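Worksheet for the structure shown next.
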6 protein chains.
Amino acid sequence: MSESVFYAELPWPVAEARVRDGAPVFLPLGATEQHGRHMALNTDVVLPTSMAVRAAKRVGGLVLPALAYGNRSQPRTGGGPAFPGTLNITANTFSLLVRDILCDLYRQKVRRIVTVNGHYENVWPTIEGIELALDAIGRDRCGDLRIIRIDHWEMIRPATLARVFPNGYPGIELEHASVLETSMMLALRPELVDLSQALHDGPASFLPYDRYPKPPAEVPASGVLSLTEGSSAEKGEWLLKDCEDGIVDIVNREFFAQ
Amino acid sequence: MSESVFYAELPWPVAEARVRDGAPVFLPLGATEQHGRHMALNTDVVLPTSMAVRAAKRVGGLVLPALAYGNRSQPRTGGGPAFPGTLNITANTFSLLVRDILCDLYRQKVRRIVTVNGHYENVWPTIEGIELALDAIGRDRCGDLRIIRIDHWEMIRPATLARVFPNGYPGIELEHASVLETSMMLALRPELVDLSQALHDGPASFLPYDRYPKPPAEVPASGVLSLTEGSSAEKGEWLLKDCEDGIVDIVNREFFAQ
Amino acid sequence: MSESVFYAELPWPVAEARVRDGAPVFLPLGATEQHGRHMALNTDVVLPTSMAVRAAKRVGGLVLPALAYGNRSQPRTGGGPAFPGTLNITANTFSLLVRDILCDLYRQKVRRIVTVNGHYENVWPTIEGIELALDAIGRDRCGDLRIIRIDHWEMIRPATLARVFPNGYPGIELEHASVLETSMMLALRPELVDLSQALHDGPASFLPYDRYPKPPAEVPASGVLSLTEGSSAEKGEWLLKDCEDGIVDIVNREFFAQ
Amino acid sequence: MSESVFYAELPWPVAEARVRDGAPVFLPLGATEQHGRHMALNTDVVLPTSMAVRAAKRVGGLVLPALAYGNRSQPRTGGGPAFPGTLNITANTFSLLVRDILCDLYRQKVRRIVTVNGHYENVWPTIEGIELALDAIGRDRCGDLRIIRIDHWEMIRPATLARVFPNGYPGIELEHASVLETSMMLALRPELVDLSQALHDGPASFLPYDRYPKPPAEVPASGVLSLTEGSSAEKGEWLLKDCEDGIVDIVNREFFAQ
Amino acid sequence: MSESVFYAELPWPVAEARVRDGAPVFLPLGATEQHGRHMALNTDVVLPTSMAVRAAKRVGGLVLPALAYGNRSQPRTGGGPAFPGTLNITANTFSLLVRDILCDLYRQKVRRIVTVNGHYENVWPTIEGIELALDAIGRDRCGDLRIIRIDHWEMIRPATLARVFPNGYPGIELEHASVLETSMMLALRPELVDLSQALHDGPASFLPYDRYPKPPAEVPASGVLSLTEGSSAEKGEWLLKDCEDGIVDIVNREFFAQ
Amino acid sequence: MSESVFYAELPWPVAEARVRDGAPVFLPLGATEQHGRHMALNTDVVLPTSMAVRAAKRVGGLVLPALAYGNRSQPRTGGGPAFPGTLNITANTFSLLVRDILCDLYRQKVRRIVTVNGHYENVWPTIEGIELALDAIGRDRCGDLRIIRIDHWEMIRPATLARVFPNGYPGIELEHASVLETSMMLALRPELVDLSQALHDGPASFLPYDRYPKPPAEVPASGVLSLTEGSSAEKGEWLLKDCEDGIVDIVNREFFAQ
């Protein structure tokens, strides 16, 4: 078990030694959220965890247990908090969870931390959780602590988008449960995708504002915000390679560069 | 005073009557945040307040006191929490403030509420504040309460952007303290802009990730994330007109349409 | 704009320089609360802000954006939380807001802070907010931080009260929306006062205890706790002069005395 | 034990029956706070508890365990949070404690509640605790719940003050650990008073503002804010009688009047 | 009064001197909770307070006011939160209360603290309160602060249990309001016990899991989880002696041993 | 994927249908905590998750993502919060996480919930999380919601303990990382156990109280609180069978019995 890339699969003496030797520690941030009729609810957990594992293997890092419950899904970005299947937690709870884990990693002498996020709505409560952890640790006592926050979709290169979408990229804002995520899931966990269920009732066309308590009616009934046509495991591998490379580059630049 | 568009400039019997008659109530959400060497720290308050006033006058609405302290500025979108001049509050405090105000508006029988936001980092804690208010009120007891959440930059039409940027729009992500905001401030409060101080050390080129506690060095020293060249009061009026019209259209569709 | 007494009307380099040079920073604390049929809901914002501006101009200080939403109004001191027009926030939210602003002022190297309060119910959550800020900063690491907390009604000299009330002062506890506040508003913002609407149904006579959830019936229907007769802009100027002088004296004693 | 006036000295079947029969329930609110060199730290607990007991016996009520830890003492009203001996809790904790107890009393079907407060700094967090409890219970579902909030010093009649202070009443603001409290303690718990230790270094003369983190130097070293001369058990009985009568009158008016 | 073992019965100069001289300070943690038809609701307050007093007298310590409101009673350990008579507070409030008191004791320079707990459900929120206090104080700045957390039932020696239960000890899990607590109450406060009301409807036989919102029906109607037969003041004294001795031994080992 | 026992491996239409048809939903509660030199840090996650999966398959249930970060480890039950490798979160965060998930399950119309806990320190914050969820939902509006809380070690039958420990059971309080957990891990994930690393420096002998900030020195250096000798996969299967059967029995009794 001492060879595992998963922090929690190690016995404590190995975990302690790896941290002491400077292993970067990756925290995947996900959600349990609808991803269309054709894909499993754990898409936002599988993707960042897999990317973290691939990157960790290349940089000698360790991967922590993923956060599987994400900040409230919103209509324009994931179908909304009331969509069937989706399980949300509040922003404050998510931030406190991130804060607590970061504070305890710091106490365990971890100084190189990378969060890899796969759920758009997690962006801001993650930032808040990091800020709260720095407040708690003391910004003037952080020493060499360095926390890197990555959203995986930022790692995809324009050239790859051009290959994936030869007819033009519809934009990240419509990419929930669409070609990018579907392709990567086909590459990683094909048994969790059933393209025959990918009803083509998108792409969604949202009004440029939010309404509460009832969101506007524009969320497609399928939960797919854009098209799934053209998804393939091969494309998924191109995308995953970008994410892996992007994370590795950042880790090398931030933690190991002279 | 009974003719004022500002809720707080009314005596209570008038405020009560206006609410009873269905006046939409606008809550501007801003920040006290650096906006370059050439512009005042209150830019994110002035813009949404002015837009709310213009829209309120057309739809018979009222404008509440703006929230002048915003959620923590971030390096890639506003220079970051440590930039001189910027005063931040935490996401949780911001959300609780929004929650409390919405709950009390509800208790005062206000059922038509529009938040107009001018500070990017407020987006998510505003959503959380609205969700918390709905939790507190009880989602099955909201009755005809309807809350509209608008970010003002979403109101600008593509045609206007094309006019403002004849050489191409650099993208909203670089627009902090740049041509859009500067032009609108020139139109509204020219005494709060000094273009001679607009040092051209942008545009910023950010790495696609965040780093804590010290952000990457890419924030331009001036705090301007993009260029200010080409800013003018005339362009500002075009933009403000879009925002005013956009808000009015939404209010009419949501509150007064059959 | 660099000459403005308002912190938020400055560009960041000027704000930074003014703070570095020791400018005292004033934070007005107000409320949006009924003030009788004859006066605007923003009375508790206008008064402390105006006093802070007058004092700041004399001592080279800066005035921050006022907090326009106050701690829950209470029946015996402001008509109560259920009075039409009044918008309350909770004590905890108010305290957190004060805490966050003070902590960020400290981070921005501000060491001379004056809160000027115009809403009685803010007294205790302001104290709590200050204590929480000191807890967060660390009481042994505050250095030369000094926070002064002023309630404006404490600045009025007995001699002035005697002039304003030649027939005897009815006591501060009945002064909500009455002669003192009305006179000062007449001096500062006469368009926000309409004495013809000042129904004389006071003075209120309260039982010496509180009752919940429904307060006793003694709150006058007008919201005026005492009399408005005899209010005048001239008297308002006497009172404002006392407040201005009182604040200036305190600032000089605390921050600039040898 | 079934005859005890103390709720917590009853076995549950008797407590349940007494509540079902409409017994008013009294919650004394105190503090552990310095009260001069001559008096015990529990003065603010002994006084409201004793008054509650006397009143409860006359109206068939029950007395709950007192809250012995009060909201932060302040320099102008009790010597301040840093005075030796004083143990403070935060306003938020105090409010949550009041909220929790009231919610559970409600769940236990108690509908007649009286808080009797003996510590000035508890006033506002008690109000907040009551408001939070009403929020949690639901203001439209409170039914016949009625909560009375009494500060004991409000119960003293002007005639009694005139008897106690034949040379004129110095005002409640200086009465911490002074003649009123000392006399009542002499009447109730003479072994907790040692007048030979009552150094006459008062009365305190406070500046009309607060300063943080270090309060102004005006707190008398003894902690006595005024004079103790003239304190006597006889006067204490007069005062206690006023408080007892005042509470009984309120209870009768609020709970038992037709 | 200066000889009292109760901290709050001292005037501040004596309390300050005693703390400076190293007196251990005891904080009793109790509850207001049903203890059968035969015993008062304050059993969990009386027992730890009495033990703390006995121990404090032997080691020169002081006893703080007990916390009389405990964390939510649970069905398997105390009858549950809905049992008549029981008054619960939330875990978070209990923890914050413990945190605040410990922080203020630390500020008052108390370095030897002993919590003596008499209510099973308080165990975990007390631990959390202690951890939160250490977080707030700063674990690297605690100096010689030492906090001892004792549950009184852990102090009873096996030999004593054998004497009390000559036919075998039924186990601590059934001991709520049963022979141990009843005997100690008979020794300490016999007027708060009425054995004639001790209906023998126990012992309880619980299923090994919890159910919410309605607990399983196994809580005996009397609230007695086991038998009261065989309770006596004499046995109570044996038990109290064990507790007193146990606490004294721990205090000597932890605070006064070389 | 529609056949998976894991909720998050389903697409939303299947999850929705399964819930509508009454599938019990299991939430495993674990920790990332040292479990001796011979076993992985995820032991408290693997065990309850595996048991939930086995039981869910028999009763037609679904298993949610496990909570992998547990409430603060304590010295007497898991080595303590400072043990290398252990990652703790606070009780409040853990409770809020449980509350949020339960509230959202309720909103998703799940009415049959079973928490299966594998980490002793989670017991009380789980109870609090459940109570907070019931408070938020409204105890009078829960309808047929039923939440079962199971600690897996309570499922082991005395007869099985007798078989596992032919020389006598040392008691659950010493069972952290010892024969019970080791045997079950050997049965489930043998690659995460290395018995050659099971140093025999136990069993631990704890003093009957807690000390903070530094715990007593009695935690064995290995983190094993008792012995691992005699652990085997075969015994693990006996124990797992008990747990599986116990959970199935409870589910049938509570959810499916007439």
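Heavy-atom basis, side chains included; hydrogens, waters and symmetry copies ignored. Bear in mind that the values here come from a model prediction, so they are computed numbers and not experimental data. A note on names: the letters A, B, ... follow the listed sequences, proteins ahead of strands, and every chain is numbered from 1.
- Residue F83(D) comes nearest to Q108(E) through the heavy atom pair O-NE2, 2.8 Å, listed as atom of the first residue, atom of the second, then distance.
- Contact of the I148(D) side chain with the R146(D) side chain is registered, since non-hydrogen atoms from C-beta on lie closer than 4.5 Å.
- Distance check, rounded to the nearest 0.5 Å: CD1 of I147(D) to CD1 of I127(D) gives 12.0 Å.
- Within residues 63-73 of chain E, the residues having any heavy atom closer than 4.5 Å to a heavy atom of chain D are L64(E), P65(E), L67(E), A68(E), Y69(E), listed by residue number.
- Here the side chains of L102(D) and L145(D) are not in contact, with every heavy-atom distance at 4.5 Å or above.
- With a 4.5 Å cut-off on non-hydrogen atoms, Y7(D) touches chain E through its backbone and its side chain both.
- Close approach to chain D, defined as a heavy atom under 4.5 Å from one of its heavy atoms, is seen in T86(E), L87(E), N88(E), I89(E), T90(E), T93(E), L96(E), L97(E) of residues 86-98 of chain E, taken by number.
- Your options are V14(E), L105(E), V110(E), and the one with the most heavy-atom pairs under 4.5 Å with chain D is L105(E).
- Contact check for E9(D) versus R189(E): side-chain heavy atoms found under the 4.5 Å cut-off.
- By number of non-hydrogen pairs under 4.5 angstrom with chain E, the leading residue of A15(D), P11(D), P84(D) is P84(D).
- Of the listed residues (P81(E), C103(E), S4(E)), the greatest number of heavy-atom pairs within a distance under 4.5 Å of chain D belongs to P81(E).
- Under the 3.5 Å distance criterion, with hydrogens and angles disregarded, no donor-acceptor pair is assigned to the side chains of H38(E) and T228(E).
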Check: Does the side-chain contact (heavy atoms from CB on, under 4.5 Å) test come out yes or no for L195(D) and L186(D), once each step is laid out?
Finding: CA-CA 9 Å; L195(D) 282 178; L186(D) 282 169; 4.0 Å; yes
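- Summarising the geometry, atom OH belonging to Y120(D) is positioned 11.5 Å from atom CG belonging to N122(D); distances are rounded to the nearest 0.5 Å.
- Just one residue in the list T43(D), V193(D), N42(D) forms a side-chain contact (heavy atoms from CB on, under 4.5 Å) with H35(D), and that residue is T43(D).
- Side chains of M39(E) and L192(E) form no contact here, defined as non-hydrogen atoms less than 4.5 Å apart.
- Most heavy-atom pairs under 4.5 Å with chain E: of the set V19(D), D194(D), T32(D), L10(D), this distinction falls to L10(D).
- Residues F26(E) and V53(E) are not in side-chain contact: their nearest non-hydrogen atoms beyond the backbone lie 4.5 Å or more apart.
- Taking the charged nitrogens against the carboxylate oxygens, E16(D) and R18(D) have no contact shorter than 4.0 Å, which rules out a salt bridge.
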